[in-house]
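Indexing begins at 1, ligand by ligand and atom by atom, following the structure's order.
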Amino acid sequence: MSVTVVVGGFFGDEGKGKIVSHLVNDKSHSYKIVARGGVGPNAGHTVVIGDKVYKLRMVPSGFAGKNIEKLLIGPGVLIDPQVLLNEIQLTKTMGKIFCDYQCGIINKAHIEKDKTNSHLKDQVGTSGSGTGPANEDRVRRILPLACDIPELQNILIDVPLELHKALLDNKSVLVEGTQATHLSLWHGTYPHVTSKDVTASAICSDVGIGPTNVTDVVLVFKAFVTRVGSLRAEKMENQLTDEETIKRGWVEYGTVTGRLRRAAPFSIPLAKRSIFLNGATKLALTKLDIIFPEDSGKKEFEDLSSQAKGWVIEKEKQLGMKFSWIGTGPADSEIITRKK
Ligand code: GTP
Ligand code: IMP
Ligand code: MG
């Protein structure tokens, strides 16, 4: 029995979706339950299984795990009912997926405000998904909850109690975070942040798991740093120009917003701070293949080019921790699992 929490180490879009979709099929853990924390449908996780690409905003990225019995969305997560119901159809997860009675509900007015309020839209550069305005209403204690919505009645459950029962039954649980450490309302680059804390402690609280139950915190980094959102947010250390980003092939567009993500090289200071803010016990690295294209799709550390190996080892020395998983392509199978 174990509880693993997966969170992002930079500004989101590190590839948590891919790491989670890999972990749920990893035989050494045999997870039975996936629980999603985080803000809500402002997230955009990409899960690539075989030749199928899923862009998910609400359904947990671990939906395709072969032994997964239940997919749970914790009470700290905001729900956009239409987005959730569409994704349940797309992923064929009806009967397996449940959300908590106390998940807050995003309505059209929240989305409208997120898209038109000049502070949110221009200063913060929000995703426009309505999460910030809905969390404002939650704090004012006027936000409708999932239990008030007829369309959701057959997928409601007491998520913290389900997780408690699963742990009593010795079932392993994977808890998915969204957004990332430096977008945290408490710890991030305020005011250019999301509307909640999103570090590992907050993600556990979102789903109702106490800190003493956590076995591992897996912190996901990308081989370079990207961030979307307001151009007014301060520049990242060594931020590249758009031209240089394109030249290096580090181009990414937001899954939810479609905006070009700003890019910078891997940042040791940001990574070190994330490690202690989350109490990370394991690290994952994605997109090594983007900075070393010749290493695309490799599955053994020993097979990496000497440049890629050197790059990884240097980062590990500086961080004082190893990367337990290294992504070498978008598909869930394109990954190196490091031997201890
Ligand atoms: P948020 O919850 O929105 O922060 O997203 P996320 O962390 O799940 O990441 P997202 O899916 O938005 O972005 C990661 C992108 O990188 C996706 O397009 C993935 O398919 C891709 N990706 C993930 N890992 C790798 C990798 O190792 N190599 C390559 N080439 N692509 C990867
Ligand atoms: P909000 O969360 O939509 O209010 O947006 C606040 C800031 O967080 C903006 O800069 C968004 O682009 C960013 N953000 C929110 N969720 C994600 C995510 O999942 N990935 C990357 N950036 C995000
Ligand atoms: Mg994303």
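There is no side-chain donor-acceptor pair under 3.5 Å between Asn278 and Thr199. Side-chain polar atoms of Ser195 and Asn135 form a donor-acceptor pair below 3.5 angstrom.
Atoms of ligand 2 found under 4.0 Å from any heavy atom of Phe11 (numbered from 1 in listed order, with element): 21 (C), 22 (N). Listed by atom number, the atoms of ligand 1 under 4.0 Å from Thr328 heavy atoms are 27 (O). Heavy-atom contacts of Arg261 reach the following atoms of ligand 1: 12 (O), 13 (O) (cutoff under 4.0 Å). The Thr286 neighbourhood of ligand 1 comprises atoms 24 (N), 27 (O), with distances under 4.0 Å to a heavy atom of that residue. Listed by number with element, the atoms of ligand 1 under 4.0 Å from a non-hydrogen atom of Gly327 are 27 (O). Near Ile290, meaning under 4.0 Å from one of its heavy atoms, ligand 1 places the atoms 30 (N). Contact atoms of ligand 1 toward Gly17: 8 (O) (distance under 4.0 Å to a heavy atom of the residue).
Val217 and Val6 fall into different hydrophobic clusters, where Ile, Leu, Val, Met, Phe, Trp and Tyr residues are linked whenever their side-chain heavy atoms come under 4.5 Å apart, directly or through other members. Taken together through direct or relayed side-chain contacts under 4.5 Å among Ile, Leu, Val, Met, Phe, Trp and Tyr, Trp325 and Ile291 form parts of separate hydrophobic clusters.
Within the 4.0 Å heavy-atom cutoff, Gly132 does not count among the residues contacting ligand 2. In this structure, Gly8 does not count as a contact residue of ligand 1, since none of its heavy atoms falls inside 4.0 Å of the ligand. The shortest separation from a heavy atom of Gln179 to ligand 2 is under 4.0 Å, placing the residue in contact. Look at Val124 and you'll find a heavy atom under 4.0 Å from some atom of ligand 2. By the 4.0 Å heavy-atom criterion, Ala180 is excluded from the residues contacting ligand 1. In this structure, Leu183 counts as a contact residue of ligand 2, since one of its heavy atoms falls inside 4.0 Å of the ligand. For Leu120, the heavy-atom gap to ligand 2 stays at 4.0 angstrom or more.
If you run salt bridge (charged side-chain N to carboxylate O under 4.0 Å, His left out) between Lys287 and each of Glu252, Glu14, Glu334, only Glu252 comes through.
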Which donor-acceptor pairs under 3.5 Å do the side chains of residues 29-36 make with protein atoms, sequence neighbours left out?
residue: His29; atom: ND1; partner: Asp26; partner atom: OD2; Å: 3.3
residue: Tyr31; atom: OH; partner: Thr4; partner atom: OG1; Å: 2.6
residue: Arg36; atom: NH1; partner: Arg57; partner atom: O; Å: 2.7
residue: Arg36; atom: NH2; partner: Gly40; partner atom: O; Å: 3.0

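Between the OD1 atom of Asp13 and the O atom of Gly44, the angle centred on the Mg ion (ligand 3) amounts to 170° when rounded to 10°.
Connectivity analysis of hydrophobic side chains (ILVMFWY, heavy atoms under 4.5 Å, direct or indirect) links Ile142 to nothing; its cluster partners are none.
For His164, the NE2 atom counts as loosely surrounded, since its 6.0 Å shell holds 12 or fewer non-hydrogen atoms of other residues, nucleotides or ligands.
Closest heavy-atom approach to atom 2 (O) of ligand 1 among the candidates Lys222, His45, His22: His45.
For the pair Lys315 and Trp311, the cation-pi test (distance below 6.0 Å, angle within 45°) is passed.
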Take His182 and Phe11 through the test ring pair (Phe, Tyr, Trp, His ring centres under 6.0 Å) and record every step on the way to the result. CA-CA 5 Å; His182 296 284; Phe11 294 96; 5.7 Å; yes

